[in-house]
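Given the structure is predicted, the values throughout are model-derived calculations rather than measurements.
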Amino acid sequence: MRTQHSAGEVGVPLAGGGCSGGSSEQLPGSDSDCSPALKLAGGVRAVRGVMSHYWSLESLHSTNALVITDGPQDKSGLADEVGSEDDLYNEFRSSSNRFGHPGGGGEQLAINELISDGSVCAEALWDHVTMDDQELGFKAGDVIEVVDATNKEWWWGRVLDSEGWFPASFVRLRVNQDEPMEEYLAHLDGASEGGGASMGGPLGPGLPCKEQMRANVINEIMSTERDYIKHLKDICEGYIKQCRKRTDMFTEEQLRTIFGNIDELYRFQKKFLKALEKKFNKDHPHLSEIGSCFLEHQTNFQIYSEYCNNHPNACVQLSKLMKIKKYVFFFEACRLLQKMIDISLDGFLLTPVQKICKYPLQLAELLKYTNPQHRDYKDVEAALNAMKNVARLINERKRRLENIDKIAQWQSSIEDWEGEDILSRSSDLIFSGDLTKISQPQGKGQQRMFFLFDHQLVFCKKDLLRRDILYYKGRLDMDQMQVVDVEDGKDKDFNVSVKNALKLCSPGGEEVHLLCAKKPEQKQRWLRAFADEREQVQHDLESGFTITEVQKKQAMLNASKSHPTGKPKAVTRPYYDFLLRQKHPTLPTSLPQQQVIMLAEPKRKTSNFWHNIGRLTPFKK
């Protein structure tokens with residue numbers, strides 16, 4: 001089985017990969033060695049201009065492999081040949097879609113070339129649920145045939161008899177495109193049944209089929225791990241090192257935003273690779289016992305959470321810089337100096353995000369071809385579960401951080417807000433709904449909208465006329481409250497008859513709140529929600545999940561900008577649902593807001609109140 005690798009960990013051969021192996025005099029000029037983007041004459045002149053623009057001729061003396069020449073180089077006439085900065089910038093953008101299209105370039109070209117040669121399969125990382133008949137729905141783990149990948153963000157694919165668009169970020173290409181595992185296994189079975197020549201591979205003839213498959217997966221893991229280390233090294237030494245030299249172009253805060261903690265990932269992955277190499281049996285790969293390596297380092301993989309959470313910010317910051325000419329030149333010069341393959345910087349920065357998602361897929365394949373009697377079987381099985389938990393934890397933390405912006409927007413829409421911001425203690429909305437709050441001493445019931453966050457419960461009053469406007473009425477500290485299930489009947493503390501009720505009490509009994517739901521199932525749902533809130537608080541404490549003050553302040557700042565003064569603020573039920581883990585189907589964006597409210601709210605009987613008022617009024621509009 002042929003193994004293919006890429007910087008983006010997508011398992012495809014990338015156009016332009018041969019450029020990194022050029023001679024010491026010039027980059028290869030043959031069609032087989034150099035990427036399409038660098039074959040163009042305009043690209044050649046632009047690259048030469050970049051190098052002269054950002055590095056002195058002395059610094060290039062030892063790296064003249066990066067100076068692309070059409071013949072003997074005349075340094076004295078270089079400036080005239082290069083042309084103006086505007087000309088260079090235009091030629092850059094016209095010679096390669098890498099700069100007009102961040103994330104495109106060689107990787108995208110290679111994927112399209114594979115598709116033109118035949119079908120390309122991708123594995124779904126997450127569920128894609130859609131109500132649009134033009135989009136393709138699938139579940140995590142489904143195999144999707146990619147038909148068109150021309151667009152960077154949306155691909156056209158096929159699952160069984162269904163075709164449609166799907167987000168490229170929801171899938172990753174198969175590790176081996178030329179021959180899927182199932183077909184390869186069938187091929188081996190056919191060969192063994194035919195009694196012909198036995199398979200001649202790195203392990204020699206006569207090796208059982210399943211062991212050969214296990215050896216292939218082991219080799220794939222080791223190979224991709226070595227390639228990954230190379231990519232991380234290129235980013236740290238090729239980009240970060242050069243960026244830190246240019247204090248006139250980058251601040252430390254910018255570099256931290258763009259590259260995150262990738263240097264920390266690089267140090268950890270080097271240690272992890274050393275552990276794998278010790279367990280790797282070069283002569284007999286199928287006997288390798290690498291499962292224990294994942295178990296020993298499972299907690300260290302959690303550092304990927306910080307990187308993945310920061311990645312969207314990195315994309316935004318990088319996108320802003322790539323609109324400025326000098327940064328376009330600079331990043332391309334960094335790539336050429338490091339002799340990196342033809343992928344844009346944001347493509348390289350996506351590699352760690354893809355890598356942490358790839359580990360469970362690789363371990364699942366390894367477990368599939370590991371006999372239960374193998375000494376590594378239990379460790380691989382445990383490693384698979386461990387890496388799934390790591391990926392799940394990273395996804396959950398990413399979701400929580402994305403939610404803080406929505407929570408900040410929610411708070412900014414509440415009228416008469418008092419006290420500290422909701423983000424000062426909370427970062428997730430657990431549940432929300434209507435409850436009747438019984439007040440002492442009269443035992444009067446008040447209809448309120450309750451929002452259960454981690455650590456606190458906020459309740460609001462709906463506007464009498466505009467039910468989509470909420471007024472802040474108070475909050476309860478859930479860290480100081482105990483939830484008590486109340487039986488139907490007369491409550492002694494409040495001296496009222498209650499149904500579907502529960503109490504929130506302080507440990508000493510100084511503070512008691514009586515809440516009633518409309519239906520028994522609603523009460524049970526609230527009891528489960530309160531239990532979930534305590535579990536999540538405990539889990540956050542154990543896992544060390546926190547939100548920085550900078551992230552909180554930025555979220556509140558963004559929310560304040562989205563609600564300019566003078567405009568009415570409104571929170572609609574679809575927005576509540578959107579906060580609640582986004583489980584509801586996406587509504588068409590073309591629907592007016594009033595129609596959205598009608599779709600989300602339960603239908604009510606028409607009232608004659610306004611009709612009667614109209615009849616009594618002595619005037620009409």
Fit a plane to each ring of Phe138 and Phe170, take the angle between them on a 0 to 90° scale, and name the class: parallel (under 30°), tilted (30 to 60°) or perpendicular (over 60°). perpendicular

Any idea how Phe330 and Phe250 line up, ring-wise: parallel (<30°), tilted (30 to 60°), or perpendicular (>60°)? tilted

Quick one, [X] and [Y] - any side-chain contact, counting heavy atoms below 4.5 Å?
X	Y	answer
Leu232	Gln269	yes
Phe272	Glu225	yes
Val217	His286	no

Report the C-alpha distance between Gln242 and Arg246 in whole Å, list the side-chain angles of each, state the deciding distance to 0.1 Å, and finish with yes or no for side-chain contact (heavy atoms from CB on, under 4.5 Å). CA-CA 7 Å; Gln242 298 295 343; Arg246 299 304 303 266; over 6 Å; no

Decide, yes or no, whether a salt bridge links [X] with [Y] under the criterion of side-chain N to carboxylate O below 4.0 Å.
X	Y	value
Glu332	Arg335	yes
Glu277	Lys274	no
Glu306	Arg256	yes

Any chance you could lay out the side chain to side chain donor-acceptor pair (under 3.5 Å) test for Asp234 and Gln338, step after step, and finish with the verdict? CA-CA 7 Å; Asp234 286 342; Gln338 191 66 18; 3.2 Å; yes

Worked check of side chain to side chain donor-acceptor pair (under 3.5 Å) between Asn385 and Glu381: CA-CA 7 Å; Asn385 292 329; Glu381 187 176 39; 5.8 Å; no

Identify which one of Lys406, Lys398, Arg399, Arg400 satisfies the salt bridge (charged side-chain N to carboxylate O under 4.0 Å, His left out) criterion when paired with Glu402. Lys398

Around atom NZ of Lys279, are there more than 12 heavy atoms from other residues, nucleotides or ligands closer than 6.0 Å? no

Decide whether a cation-pi geometry holds between [X] and [Y]; the criteria are a distance under 6.0 Å from NZ or CZ to the six-membered ring centre and an angle within 45° of the ring axis.
X	Y	value
Lys241	Tyr239	no
Lys355	Tyr359	yes
Arg226	Phe280	yes

Does Trp156 have its ring centroid less than 6.0 Å away from the ring centroid of Trp165? yes

Quick one: does Asp376's side chain have a donor or acceptor within less than 3.5 Å of a partner on Gly291's backbone? yes

Polar side-chain atom of Arg375 near backbone of Glu289 as donor-acceptor pair, under 3.5 Å: no

Could you point out which residue of Tyr304, Phe301, Phe294 forms a side chain to side chain contact (heavy atoms under 4.5 Å, CB included) with Val390? Phe301

